[in-house]
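To start, the structure itself, in structure tokens.
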Amino acid sequence: MKYKNIPSAIHNFGHSFLSYENYVDSDFVIDELNKISGKNYDIKIDWKTKEFQPKTMISDRITKSIGYWYDNISEHFNSQNVEFDSLKSFELIWENGKRPKVIATDDRGKFYEKEITNTL
């Protein structure tokens, strides 16, 4: 386990989730998330609980996508020499009018924040 790899691991995960690699039920998840953001909603995905906000805007596509990515999250982090269980929190946050970001806190209490670019 390398704590110094956490920033790049969370960034890589967030960037991949918000990329055109994330294709579910004949459409790109990023396109749906862009529409939600375009309606002036803040988006949050808690990757420890798989909870999506705003709850009123969740779709089957988003639910499936979160499930698919969550099923492989430990593998993603292990490939970067980071133990997912060492993160006490891990969220993707996309505030209205801002760029998406990922934030995390490790088991030592250290906070990480990385902006995700190239999503709009």
Side-chain angles (χ1 to χ4, degrees):
M1 165 67 192
K2 292 189 178 180
Y3 286 96
K4 70 177 185 174
N5 292 357
I6 291 174
S8 63
I10 65 172
H11 178 265
N12 291 344
F13 184 87
H15 199 279
S16 292
F17 181 79
L18 294 175
S19 75
Y20 285 107
E21 294 176 32
N22 193 356
Y23 190 79
V24 177
D25 291 345
S26 302
D27 206 356
F28 296 103
V29 174
I30 186 63
D31 290 342
E32 188 166 348
L33 295 175
N34 269 322
K35 288 176 187 174
I36 294 169
S37 178
K39 293 179 181 178
N40 299 323
Y41 286 98
D42 291 340
I43 296 169
K44 181 172 114 176
I45 301 171
D46 184 325
W47 285 107
K48 294 303 248 179
T49 65
K50 299 190 291 184
E51 183 178 337
F52 178 87
Q53 290 180 21
K55 290 182 182 190
T56 58
M57 299 300 290
I58 196 163
S59 66
D60 287 342
R61 176 179 296 109
I62 292 171
T63 300
K64 286 179 186 178
S65 176
I66 291 170
Y68 297 151
W69 285 80
Y70 183 82
D71 288 347
N72 295 304
I73 203 164
S74 289
E75 182 180 320
H76 166 83
F77 280 89
N78 287 339
S79 73
Q80 297 180 65
N81 210 4
V82 174
E83 295 173 12
F84 182 65
D85 289 340
S86 71
L87 299 180
K88 294 304 170 198
S89 68
F90 178 41
E91 299 173 343
L92 183 144
I93 302 199
W94 192 345
E95 294 173 327
N96 181 35
K98 297 183 180 178
R99 289 246 175 235
K101 63 184 174 183
V102 285
I103 61 171
T105 305
D106 70 23
D107 55 7
R108 304 170 306 167
K110 185 168 181 180
F111 178 78
Y112 306 88
E113 180 175 330
K114 297 296 281 185
E115 185 176 88
I116 308 298
T117 56
N118 300 329
T119 56
L120 302 174

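Please read these numbers as outputs of a predicted model, since none were measured by experiment.
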Worked check of side chain to side chain contact (heavy atoms under 4.5 Å, CB included) between I62 and V24
CA-CA 8 Å; I62 292 171; V24 177; over 6 Å; no

Applying salt bridge (charged side-chain N to carboxylate O under 4.0 Å, His left out) to E95 and R99, what does each step give before you reach the verdict?
CA-CA 7 Å; E95 294 173 327; R99 289 246 175 235; over 6 Å; no

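In the hydrophobic clustering of this structure, L92 does not group with I103; members are Ile, Leu, Val, Met, Phe, Trp, Tyr whose side-chain heavy atoms approach within less than 4.5 Å, directly or through other members. In the hydrophobic clustering of this structure, I43 groups with Y20; members are Ile, Leu, Val, Met, Phe, Trp, Tyr whose side-chain heavy atoms approach within less than 4.5 Å, directly or through other members. Criterion: ILVMFWY side-chain heavy atoms under 4.5 Å apart, direct or through other members. Under it, I30 and I93 are not part of a common hydrophobic cluster.
Interatomic distance, CD1 of I36 versus OG1 of T56, reported as 8.5 Å (0.5 Å rounding). Atom CD in E91 sits 8.5 Å away from atom CD in Q53 (nearest 0.5 Å). With rounding to the nearest 0.5 angstrom, the OG atom of S19 is 10.5 Å from the CD1 atom of I116.
Relative orientation of the F13 and F17 rings is parallel, given thresholds of 30° and 60° on the angle between their planes. By the 30° and 60° cut-offs, the orientation of the rings of F77 relative to F84 is tilted.
Outside the 6.0 Å centre-distance limit, the rings of W94 and Y41 are not counted as a close aromatic pair.
Residue pairs that meet the side-chain hydrogen bond (donor to acceptor under 3.5 Å, both in side chains) test with at least one member in residues 77-88, sequence neighbours left out, are N12-Q80, H76-Q80.
In this structure, R61 contributes its side chain and V29 its backbone to no donor-acceptor pair below 3.5 Å. Using modelled atom types, one side-chain atom of D46 and one backbone atom of T49 make a donor-acceptor pair closer than 3.5 Å.
Contact of the P100 side chain with the L18 side chain is registered, since non-hydrogen atoms from C-beta on lie closer than 4.5 Å. Using a 4.5 Å cut-off on side-chain heavy atoms (C-beta onward), Y3 and D107 make contact. F90 has its side chain within reach of V102: a pair of non-hydrogen atoms, C-beta onward, lies under 4.5 Å apart. The shortest side-chain heavy-atom distance between M57 and K39 falls under the 4.5 Å cut-off.
Nearest heavy-atom pair, K55 versus F52, reported as atom, atom and distance to 0.1 Å: CG-O, 3.5 Å. Contact detail for A9 and V82: the closest heavy-atom pair is CB-CG2, 4.1 Å. The shortest non-hydrogen separation linking P7 to K114 is O-CG, 3.6 Å.
Salt-bridge annotation for K101 and E115: absent, with no side-chain N of the basic residue lying under 4.0 Å from a carboxylate O of the acidic one. Look at R108 and D106 and you find a salt bridge, because one of the NZ, NE, NH1 or NH2 atoms lies within 4.0 Å of a carboxylate O, short of that distance.
If you run side-chain hydrogen bond (donor to acceptor under 3.5 Å, both in side chains) between E32 and each of S37, S65, S59, only S59 comes through.
Applying the side chain to side chain donor-acceptor pair (under 3.5 Å) rule to S89 yields the partners T105; only residues at least two apart in sequence or on another chain are considered.
Remark: D60 CG is loosely packed, at most 12 non-hydrogen atoms of other residues, nucleotides or ligands lying under 6.0 Å away.
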